[in-house]
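Below: one structure, written as structure tokens.
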Amino acid sequence: MLDKGSSGLPRHIAIVMDGNGRWAQLRGLPRMAGHRQGAENMRSIIEECLELGISFLTLYAFSTENWKRPAEEVEYLMSLPGRFYERERHLLHQYQVRVIAIGNLDEIPADTKEVIERMQAETAAYRRLTLLLAFNYGGRAEIAMAAERLAVKWQAGELETITEEDVANSLYTAGFPDPDLLIRCGNEMRLSNFLLWQSAYAELYFSEKLWPDFKGPDLRRAVAVYLQRERRFGGLTLNSASQQEEEV
Ligand code: FPP
């Protein structure tokens with residue numbers, strides 16, 4: 001379906017991994033079983049990204065709103081980075097995947113923070129794929145944080161104006177490209193506070209599949225749809241632009 005090495009592939013794919021709870025419910029299992037399966041599914045998508053040659057993958061693992069869930073579920077979600085690293089560590093090294101967390105790590109349990117920092121430090125040199133793990137992440141909180149950072153600089157007289165670039169450079173994702181393709185699984189059609197600034201021109205793709213069932217071929221399908229889309233970034237298509245020139 002997709003040519004390996006097709007030009008125009010997305011450089012950065014971001015995914016809202018939704019549907020773990022329903023996946024478990026459909027099987028009469030506790031919600032935690034869905035999260036476990038969901039965490040295991042990360043490997044298939046990482047491997048598919050490597051296969052396709054995608055450089056950046058952002059996965060929404062825990063939102064600033066997820067604290068509202070029952071304590072037992074939150075506790076389990078907080079244990080996932082450690083379980084993931086234990087299970088996939090050798091593969092991250094073998095595949096040369098760099099892991100970087102985006103989100104407020106100061107509010108999460110110390111042992112979870114410690115394992116995320118270890119994972120970041122141990123994979124810091126890799127560049128084949130960068131996995132941005134959105135953990136205790138919220139798009140609005142991120143923009144508020146950027147505003148605060150810029151206010152401090154402004155007050156110190158370091159800024160005369162505030163540009164889009166200044167804002168982008170004050171976000172967790174400073175230095176990383178914006179997502180080209182944003183996928184949400186689980187048959188819901190909203191962004192849920194994910195990469196609000198960065199997704200301004202991302203192509204959106206919604207899948208009915210629940211995240212634990214969203215596999216490599218599903219990612220390829222999303223990328224194939226992306227390749228059919230025409231990205232104009234607010235401008236005109238090449239055809240209509242040249243047509244206009246002819247008309248002038
Ligand atoms: C949303 O599904 C999913 C989450 C809140 C958690 C997603 C996390 C993972 C898939 C694994 C994270 C892994 C690491 C390594 C941190 P939901 O529970 O809201 O699903 P539902 O809508 O069916 O209830």
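Each ligand, and each atom within it, is numbered from 1 in the order the structure gives.
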remark   = Looking at Gly21, Cys185, Ala101, Pro212, the heavy atom closest to atom 20 (O) of ligand 1 belongs to Gly21

ask   = Just wondering, are more than 12 heavy atoms of other shown residues or ligands nearer than 6.0 Å to CD in Glu75?
value = no

query = Who's closest to atom 11 (C) of ligand 1 heavy-atom-wise, of Ser79, Gly186, Ala39, Ser63?
reply = Ala39

key: Protein heavy-atom partner closest to atom 15 (C) of ligand 1 - residue, atom, separation in Å   = Phe84 CB, 3.4 Å

query = Nearest protein heavy-atom contact for atom 19 (O) of ligand 1: which residue, which atom, what distance?
reply = Arg69 NH2, 2.7 Å

key: Heavy atom of Gln25, distance to ligand 1 below 4.0 Å   = no

ask   = Does any N or O in the side chain of Tyr226 come within less than 3.5 Å of the main-chain N or O of Leu204, such that one atom is a donor and the other an acceptor?
value = no

query = So which heavy atom on Phe206 is nearest to which on Arg190, and how close?
reply = CE2-N, 3.9 Å

request  = Select one of side chain, backbone, both or neither to describe which atoms of Arg31 lie under 4.0 Å from any atom of ligand 1, heavy atoms only.
outcome  = side chain

key: Nearest-option assignment for atom 14 (C) of ligand 1, heavy atoms, candidates Leu210, Leu80, Asn20   = Leu80

Contact partition for Trp23 relative to ligand 1, non-hydrogen atoms under 4.0 Å = neither

query = Are the side chain of Arg22 and the backbone of Gly186 linked by a donor-acceptor contact shorter than 3.5 Å?
reply = yes

message = For Lys215, is there an ion pair with Glu48 - N to carboxylate O distance below 4.0 angstrom?
response = no

message = Checking side-chain polar atoms at under 3.5 Å, does Gln198 have a donor or acceptor matched by the opposite partner on Asp178?
response = no

query = Is there a nitrogen or oxygen of Arg22 sitting under 3.5 Å from a nitrogen or oxygen of ligand 1?
reply = yes

ask   = Identify the closest protein heavy atom to atom 4 (C) of ligand 1: which residue and atom is it, and at what distance?
value = His35 CE1, 3.9 Å

ask   = Heavy atoms only: which of Glu88, Arg83, Glu188, Met42 is nearest to atom 13 (C) of ligand 1?
value = Met42

query = Can you tell me if Arg184 and Ser192 form a side-chain donor-acceptor pair at under 3.5 Å?
reply = yes

query = Looking at atom 8 (C) of ligand 1, what's its closest protein heavy atom, distance included?
reply = Ala61 O, 3.5 Å

query = Excluding sequence neighbours, so at least two apart, what forms side chain to side chain donor-acceptor pair (under 3.5 Å) with Glu73?
reply = Arg31, His35, Arg69

inquiry  = Out of the candidates Leu59, Thr58, Val223, only one should pair with Ile13 under the side chain to side chain contact (heavy atoms under 4.5 Å, CB included) rule; please name it.
reply    = Val223

message = I need the contact type for Arg36 against ligand 1. Using non-hydrogen atoms and a strict under-4.0 Å cut-off, is it side chain, backbone, both or neither?
response = neither

key: Top protein contact for atom 9 (C) of ligand 1, by heavy-atom distance   = Met17 CE, 3.6 Å

query = What are the atoms of ligand 1, with element, lying closer than 4.0 Å to any heavy atom of Trp211?
reply = 10 (C)

key: Distance filter under 4.0 Å to Asn66 heavy atoms, resulting ligand 1 atoms   = 5 (C)

query = Are any of the side-chain nitrogens in Arg231 or Asp180 under 4.0 Å away from the carboxylate oxygens of its partner?
reply = yes

